[in-house]
Structure formats: structure tokens, C-alpha cells
A.B. asks: 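One structure, as C-alpha cells, below. Some questions next.
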Number of protein chains: 2
Amino acid sequence: MRAEEREEIVRLPLLAACRPETADFLLRGAFVQRFPAHTNLTREGEKADFLYAVLSGSIELSAAYLDRETTIAVIGAPHTFIVAAVVLDRLYLQSARVMEPARILMLPSESVRQAMRGDAGFATAIAEEMANSYRNVAQELKNQKLRTSLERLANWLVHRDKETGGGHRFVLPYEKKILAARLGMAPEVLSRAFATLAQYDVHVDSATIIVKDWKALEKLAHPDPLIDDETI
Amino acid sequence: MRAEEREEIVRLPLLAACRPETADFLLRGAFVQRFPAHTNLTREGEKADFLYAVLSGSIELSAAYLDRETTIAVIGAPHTFIVAAVVLDRLYLQSARVMEPARILMLPSESVRQAMRGDAGFATAIAEEMANSYRNVAQELKNQKLRTSLERLANWLVHRDKETGGGHRFVLPYEKKILAARLGMAPEVLSRAFATLAQYDVHVDSATIIVKDWKALEKLAHPDPLIDDETI
DNA sequence: CGACGAATTGAGTTCACTCAACTGGGGTGG
DNA sequence: CCACCCCAGTTGAGTGAACTCAATTCGTCG
């Protein structure tokens, strides 16, 4: 591992709070790897061999049941994924696939568990990471159970707009197909939902979204910090 | 706090792995309280002042949006709830209400965070607790996104039957209204789903369920360990 | 006995999925 | 360079799933 890379890594929230020895120990067994788009990193049901952290690029987490499949989340830097399976030494509940070409840090799961037992700072960082993940899924569950598909889309747009600087004009970060799965609807339903949003002055030009009447969209969306804000 | 109570408490998964001093420290600020049914312990949006652990009884976690409301989970002993908000010192995302009269251990959230920083064993236990919670919600999200309401009910019955000893005959642990919310459907839909299950030889007599043709139910349910099993 | 709420049942509507046809852009190979 | 194909996306039509509103039954508790 190169020195600059190492510096980048120890700045990750996960490692920033642990003792230098712990970081050394963890990084001895670790490696960073680049993956092209569409690489499968994990498949649900497999044993958790590594903890993954995204250094750049993005990862799609998905799950399948019978002949159905859905997207659970999309992860970007500097976040980790499938930590829970590592902490508990269990099976992955989700499959992870590279969406945008990614640089990934991989830590052997046994080292992670060992480091937790020996370093309260690291264990705390893992707990905080898990807590964040928990809250994100819990919010997503509320989103699914309490909102219609049109509301979910409207709120996703509101949220995405804030995230990209509030310019009321932005580009979808991934295919509509995947967005539909993320929002829990069939692609056709997403398409129709976008069509409906034209009434609210939301203009869609392929992957570019322009929100002309922000108030109208927000009124439809009824954003709720307890569902939509990541750090509340 | 009485000695016998103390013994019961330090056997909780959360405290079993921490140093004696940490347990002492945590229990100094802690207290155990009995609550009657329907008591509201937390409301979503409030600051996280306590970590709660269920010693007996059961707790319903719910969330609201506009005029809608749903049940996120039902928690029994010896589990904790709303740990994530405590770990991160944020707002509760869920409301907690006593379902069956309960004895609850309450730990001041600042003590919890302090104890984590000083005791790797405790921090690890918290991380494991969080990891479990994460996996449960993630499974619930998959359940919601990948299954129809009839499938969710069928799988809930299969799971509940196993949990109660596999006698193919058991009593619903709470009102159908709440079960409906837990499963993500309107009460009327649950009622009709039960009616449909008569075709699969599932008999419902008020709160008592009798599964006469286990194979038929299981074939309908298609249980999946990655959605339905709590410790896989 | 009456009041209340849980649960069921009916009827109508809305929401969301499926299947199918069509469009348009990007890439490949002739 | 162009023809072709493939896939994402859209649109249409029909079906099925789930919600709402309303009426009724039943058990529980004052």
C-alpha cells in the first residue's frame, strides 16, 4: 500500500478514531483494489470475508427473492457496506455490485472483529457506522411503508436537489431502471410518475431534471426530516 | 437497584461482555421501571436521552407521516431499542409504546457513549446489538419490497409457528390491527388475506391459528433464510 | 344494558404491476 | 460509413393488488 493511499485511508471515519497500532494492524491485512463497472463484489448468502469501504466510485446493494430483485441502497465514498455481516460473522444479506468504477478498501473480517475487541475507539467507530446504516434503512422502511410511489419520487428529487447544491437542475446519478428499483417501483411506474410531475413543472430531458416550480414540488413531496435527512 | 435485579441486568447481552467497572459505572445512572400497557416511552423526533432495554413485556416501535402511521417492529426481552439514536446522539426516528406491561432498563445516553469510549468490550457489544438491529430492518425492507401482502402474512405465520415450537397451532401475540401494520397492510387487507388462507387449510378462530396443511402453507410462503431467519 | 372498539364483509376506487408495442440512442460489425 | 441490433425508456391496455369508506357483528368493559 502506498503512503498517500494510506493517508487517505486513515482519514476514513472508520479509522480516524482508532489507535495508530490498530490502524497498522488492520492495514497489514488490507488491500485497495480498483474494480470496473458491473463487477460483483458480494452475493447475498455468502460468508462475510471482508469489510468493504468505498474510496471512490459507487456501489449498488441489491437483494433477490424468487424471480424478483430490488435495489436496497447505493453507496458512495467514504462509506462502508455490509459491515453488519462482518461484525456478527454471518452471511451477507445483500449483493454488492460496482456501479461507477470504484476503488475499494477491503479489510479481512476476522481482523476487524479482533481490532474491535482490542480498541474501544475503533469499536465505537464501527458502532457509529452501524448506527448510521441502521438509521438509513429504518428511514427507507418508513419511506416504503408510509408513502406512495409518486411521493417517494418527489421526495427523492427534493433530496437530490439539496444534495447537489439546490440549483433546481441536476442530472440523475444512475439509470432510471435502477432509480425505479431503489424507489420500490417498476420502471414503467417511474416513467409515469415523471410524466405526472410535469403538472408540477418538473421537466425531464433524458437524465436531466429541471425543477421550475420548487414550491409546488415541495408541497407535493412533504419532505420529513425523520425520513429524508441523513444526519438528524 | 436490588441485587437480584442487578444480576438479571448484567446478564443482558449488552452488559455481559463489558468490564465490571463499566457495568458499575453504567448502572449507577441507570434505573429499572415498570410501565403499564399503552405507555408512550419515546416519540419520534425527540432527543435520545436514554437507551432502553426490555427486561420483560413487549414494546411496539412505530412511525408516522402526515396522517399515516405504521408499526416498524415489536421488541421483547432481552432486546434493546432505539440504540442508534443514543450512539449518535441524535433524534429518535421511531416512537416506542408499551404493548404488554413491561419492565424496562433505562441507561442515560451520555453514560452509554462514555462507556463505549472507555471499554472495547462494551463498545463491541453495542456494535453487535446495532448490527443485529440493522439486519432485522434490512430483512424487513426486503420483505416489504419483494413480497405481496399475502406472502408476507404466510411467511409471518411460518416464522411464528417455528418460534412457538412448531406445533402448527398458536395464538397471535397481539391485535390483528397491529399485525396488519407490522406487515404493511390495511386491517381489511389482513382480514381478507386470512380468508384467502382458508384455501390452504389455515384455520383462524379469533386469535388462534391452526395450520392443518403445513406443506401447502410453506409452499405458498417460500420462506427465505435471508429474509426470515434472525440469526443466519 | 349501552358504549366502544376490534374485526369482518361489501362495494367502489386508486395504485401499481404485467405484457406488449414502439421509439431512440449507442455500439458493433460488415 | 452505414446498417443493424440491443437495450433503456416510454406509452398503451388490461389485470390485479391494495386502499378507503361504509355497514354489520361481536366481544369487552364500564
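Proteins come first, then strands; the chains are lettered A, B, ... in the order of their sequence lines, and each starts at number 1.
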A.B. asks: List the steps and the verdict of salt bridge (charged side-chain N to carboxylate O under 4.0 Å, His left out) for A:Glu230 and B:Arg90.
C.D. replies: CA-CA 11 Å; A:Glu230 264 140 46; B:Arg90 304 247 183 88; over 6 Å; no
A.B. asks: From the options D:dT11, D:dC19, C:dG10, select the nucleotide whose nearest atom is closest to the side chain of A:Glu188.
C.D. replies: D:dT11
A.B. asks: In whole angstrom, give the distance that lies between atom NZ of B:Lys176 and atom C1' of D:dT25.
C.D. replies: 13 Å
A.B. asks: Of B:Lys142, B:Arg147, B:Lys162, B:Arg152, which is the lone residue that meets salt bridge (charged side-chain N to carboxylate O under 4.0 Å, His left out) with B:Asp228?
C.D. replies: B:Arg147
A.B. asks: Please report the distance, rounded to the nearest Å, between CD in B:Gln144 and P in D:dA17.
C.D. replies: 16 Å
A.B. asks: From CD of B:Glu151 over to P of D:dA17, roughly how many Å is that when rounded to an integer?
C.D. replies: 10 Å
A.B. asks: Would you kindly give the NE2-to-C1' distance between B:His38 and C:dG5, to the nearest whole Å?
C.D. replies: 11 Å
A.B. asks: Please tell me which of B:Arg192 and B:Ile178 maps to the more 5' nucleotide of DNA chain C, matching each residue to the nucleotide holding its nearest heavy atom.
C.D. replies: B:Ile178
A.B. asks: If only side-chain N and O atoms of A:Thr148 are considered, is one of them under 4.0 Å from the OP1 or OP2 phosphate oxygen of C:dC15?
C.D. replies: no
A.B. asks: Rounding to a whole Å, what distance do you find between A:Asp205:CG and C:dG25:P?
C.D. replies: 10 Å
A.B. asks: Rounded to the Å, how far apart are B:Arg68 CZ and D:dA18 C1'?
C.D. replies: 14 Å
A.B. asks: Below the 4.0 Å mark, does D:dA18 have OP1 or OP2 next to a side-chain nitrogen or oxygen of B:Ser149?
C.D. replies: yes
A.B. asks: Do you know which two heavy atoms are closest between B:Arg97 and B:Ile178, and how far apart they sit?
C.D. replies: NH2-CD1, 4.4 Å
A.B. asks: Heavy atoms only, 4.0 Å cut-off, all strands: where does B:Ser206 land among base, sugar-phosphate and nothing?
C.D. replies: nothing
A.B. asks: Regarding D:dC7, can its base be found pairing with the side chain of A:Glu175 as donor and acceptor, where the two atoms are less than 3.5 Å apart?
C.D. replies: no
A.B. asks: Taking atom C1' of D:dA18 as reference, at what distance in whole Å does atom CG of A:Leu146 sit?
C.D. replies: 15 Å
A.B. asks: Could you state the atom-to-atom distance from CG of B:Leu153 to P of D:dA17 in whole Å?
C.D. replies: 15 Å
A.B. asks: Would one find a side-chain N or O of B:Lys177 under 4.0 angstrom from OP1 or OP2 of C:dA6?
C.D. replies: yes
A.B. asks: Picking from D:dC19, C:dA16, C:dA7, which would you name as closest to the side chain of A:Val189?
C.D. replies: C:dA16
A.B. asks: Should the ring pair B:Tyr65 and A:His222 be called parallel, tilted or perpendicular, given that the plane angle runs from 0 to 90° and is split at 30 and 60?
C.D. replies: perpendicular
A.B. asks: Answer with yes or no after comparing the ring centroid distance for A:Tyr92 and A:Phe50 against a 6.0 Å cut-off, counting only values under it.
C.D. replies: no
